[in-house]
Structures are given as structure tokens and as C-alpha cells.
There are 2 protein chains.
Amino acid sequence: MSENRPAAERPAAEADEVSLLLDDQMCFALYAAQRALTNRYRPLLDEFDLTYPQYLVMLVLWEHGALPIKSLGKLLQLDYGTLTPLLKRLQAHGLIRRERQASDERSVQISLTEQGAELRKRARVIPATIGQAAGLTATEAGNVKALLERLTANVTASQ
Amino acid sequence: MSENRPAAERPAAEADEVSLLLDDQMCFALYAAQRALTNRYRPLLDEFDLTYPQYLVMLVLWEHGALPIKSLGKLLQLDYGTLTPLLKRLQAHGLIRRERQASDERSVQISLTEQGAELRKRARVIPATIGQAAGLTATEAGNVKALLERLTANVTASQ
DNA sequence: GGCCATTATATTGCGCGCACTTAAAATTGC
DNA sequence: GCAATTTTAAGTGCGCGCAATATAATGGCC
């Protein structure tokens, strides 16, 4: 297959065509990195009985306090199909409360329990541990973050 | 909360502690970008009745030809729990064959059907379309790819 | 040649993530 | 003030991903 040769050797007709090779694809690097990183979080989060998406919800609640599900979804870019059962599990673990708003009976307010708020102190170690494991300089991590955010904005807009 | 102020204003005790703020986390940018990109692939792959992980399997088969499941797993960094049912679905769609190796009855060889091989021609458009939507320069995409691969290697090694 | 560790795959269970549908409350239009 | 529309959430179904377990074939090893 011509794709197994370096670009310089390929026929001109294929020169401007993007490769179908796995190793040429930034998308696969992204896909693999996301799973590898989530796997790295797992042993850390196991100590709190949290999954990575659940940890993200806790981050938002620690930062913003009580929020309706809708707002959680906007911040995390997740829909109700994901959040509704996830939040019920967090509630079952005693970390959050779910309460209908009196002002708008459609809305469900999510707030931290004492126990959920407590967890924050112990969780402070996690970002540093992950930062260590990632092995990127602050500049590199910042660059990746900025480029990924542009990527997300671009592909979301072109839908 | 002190985390809502810029780093310069924070007390010294917190200065070298990594933030728990969602927006400060490269990990969330990675998590969000991966999902956004997969969502961008979806309408393209729907035309081939493929999911993104199934598309990755097809990429590998187009590139390498027939392979045992084990090798597919190594290349894609996926385990049997993911691959076994995924490959059965690809087989049900008539894109691949699954055959026990005579030389080693434990091994299952995965090969492309005529129809699976045919698909490659039509799939050639996909990388270019995604590249357009991503809106990064080739240099930027290359940098992200390289940094993500380092990240993956680092977090995998530190397990 | 039979025992034992290893290897390749399958199965089960669970938690996302997303599409699609349903339902109830709130808002808007007239 | 009531019908039509919009908003917020829940329910269902399906395909990953991964942990844990099971099973069968292989390869030493004595």
C-alpha cells in the first residue's frame, strides 16, 4: 500500500489526501490519551468511590455550590441521559442532594451534603498526582489545553 | 472561594497546589475534546454504519490486512471485553471474517471481506473532512499529537 | 506423557455517553 | 384565559470500555 511509504515517496495524486494510517491520526492519539488518563485517575478515585465523570461533577459543585442539573450539563457538556443516573448514584453514596425547585417545579437543584463537601479536602492531592504522572511542563500542558479547547470549539461549531 | 481569584492573589500556602477548578484542568479539555471529536465523526461514519471504535478497527485492517484479535488489541490499546462484541457486530455487518487459526486453535484471525475492503475507497474522504472541521494547522495538529503521545506513554508507564 | 503455568479469547456486570421518546411544568400568543 | 410552544427532566436502548472471572489450547518440565 502506498500509505506505508513516507509522504515524499507517494504519487502526487495522493499527496494532498489525508492518510488513513492509524499512526498519522491525531484523533487516535486523542482517543488513546483520554482513556489512558482516565485509567490513571482510576486508582486515585477508587479511594473516594468516584468514577472520573462523577469526579468532574464534584469539581463543579465544589467550585460553584448548588446548581440545577441543566447548568451542570452546560458546564460539563453532558446531557440528562448521562447525568440523571450518575447523579442518582452520587446521591446513593450520600455525596449530593437532589431537590425540586419551588420556584420552578421542572428544575432539580443539586447540592453537596456535608460528606460531599468534606471530600474536597482529601481530593486536593489528585491534580498534583496526575500532573506528576502526565510528565508535561506547565507550558506544554497549557498549550495542549488551549489547542484542545480550540479543537472542541471548532468541531462543535461545524455541526 | 479563594480559587476564584487569579493565582497571584492566592495565599502562599495554596500557591504551589494544583487547582481543583474545572477550567484549569487539561484533563477536562482532553475529555471534552475526545467526545466532541467523536460526535463530529458520527454523521460521517453513519453513512458506513460504523461507530468510531469500529472505524479504528477498519483502519488497522486496511493498513495491516488480516490480524489476530490480540494484535488488534495491542495496536488500538483495547481489550477483549471491548473487541469481542465489537468484532461480532462488524462480522454481522459483513465487513470482516473471524476464523480460528489451524496452527493455534486459541487464536482468532480477523480478515476483511470483499465488502470490508471496498469500504476503504469511500472512507478516504473522512480524514480530510475531519481535518477541515478541526481547524488546526498541520503543525498544531502535529504538536498536539506528539504531546498526547508523550502523555499517554507517561501515564501508562507510571501505573 | 502427564502436570502446570501461560496464552488467547469469551463472558458478565457496571458505568458512562448519546439518540430517541415521553412527560410535566412554564411561557407565549392571541 | 386557553391553546400552542418551549423548557427541564426522566426513561429506554445500544455500544463502548474496563474489571473480574471462566475456559480451552499451548508449551515447558521433569
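Residue numbering restarts at 1 for every chain, and letters A, B, ... go by the order of the sequence lines.
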What pair of heavy atoms forms the shortest contact from [X] to [Y], and how long is it?
X	Y	result
A:R35	B:Q77	NH1-O, 2.8 Å
A:L61	A:I96	CD1-CG2, 3.7 Å
A:M26	B:A141	CG-O, 3.9 Å

Distance test, side-chain N/O of [X] to OP1/OP2 of [N], below 4.0 Å:
X	N	result
A:K88	D:dG11	yes
A:R89	C:dC16	yes
B:R98	C:dA10	yes
B:T51	D:dC16	yes
A:Y31	D:dG17	yes
B:Q34	C:dG17	no
B:Q109	C:dA8	no
A:N39	D:dC18	yes

Polar pair under 3.5 Å, donor/acceptor by atom type, side chain A:R106, base D:dT7: yes

Sidechain-backbone polar pair: B:N154 side chain, A:A133 backbone, donor-acceptor under 3.5 Å: no

In whole Å, I'd like the distance from the [atom1] atom of [X] to the [atom2] atom of [N].
X	N	atom1	atom2	value
B:H93	D:dC14	NE2	C1'	12 Å
B:L50	D:dC14	CG	P	19 Å
B:Y52	D:dG17	OH	C1'	15 Å
A:K74	D:dT7	NZ	C1'	10 Å
A:E105	D:dT8	CD	C1'	12 Å
A:L56	C:dG17	CG	C1'	13 Å
B:L76	D:dC18	CG	C1'	15 Å
B:R42	D:dG15	CZ	P	12 Å

Earlier contact from the 5' end, DNA chain C, for A:P53 and A:S103: A:P53

5' priority, DNA chain D, between A:G81 and A:A36 [closest heavy atom]: A:G81

Closest-nucleotide ordering on DNA chain D, the 5'-leading residue of A:R35 and B:Q101: A:R35

Give the nucleotide from the list [options] with an atom nearest to the side chain of [X].
X	options	result
B:L86	D:dA10, D:dC16, C:dG17	D:dC16
B:K70	C:dA26, C:dT9, C:dG17	C:dT9
A:V108	D:dA9, C:dC18, C:dT9	D:dA9
B:L78	C:dA10, D:dG17, C:dG15	D:dG17

Identify whether any heavy atom of [X] sits under 4.0 Å from a base atom; if not, whether one sits that close to sugar-phosphate; answer base, sugar-phosphate or nothing.
X	result
B:L83	nothing
A:S107	sugar-phosphate
B:D79	base

Aromatic plane relationship, B:Y52 with A:Y31 - under 30° parallel, 30 to 60° tilted, over 60° perpendicular: perpendicular

Mutual orientation of the aromatic rings belonging to A:W62 and A:Y55 [parallel < 30°, tilted 30-60°, perpendicular > 60°]: perpendicular

Step-by-step salt bridge (charged side-chain N to carboxylate O under 4.0 Å, His left out) determination, B:R150 to A:E140: CA-CA 11 Å; B:R150 257 184 58 206; A:E140 288 170 335; 2.9 Å; yes

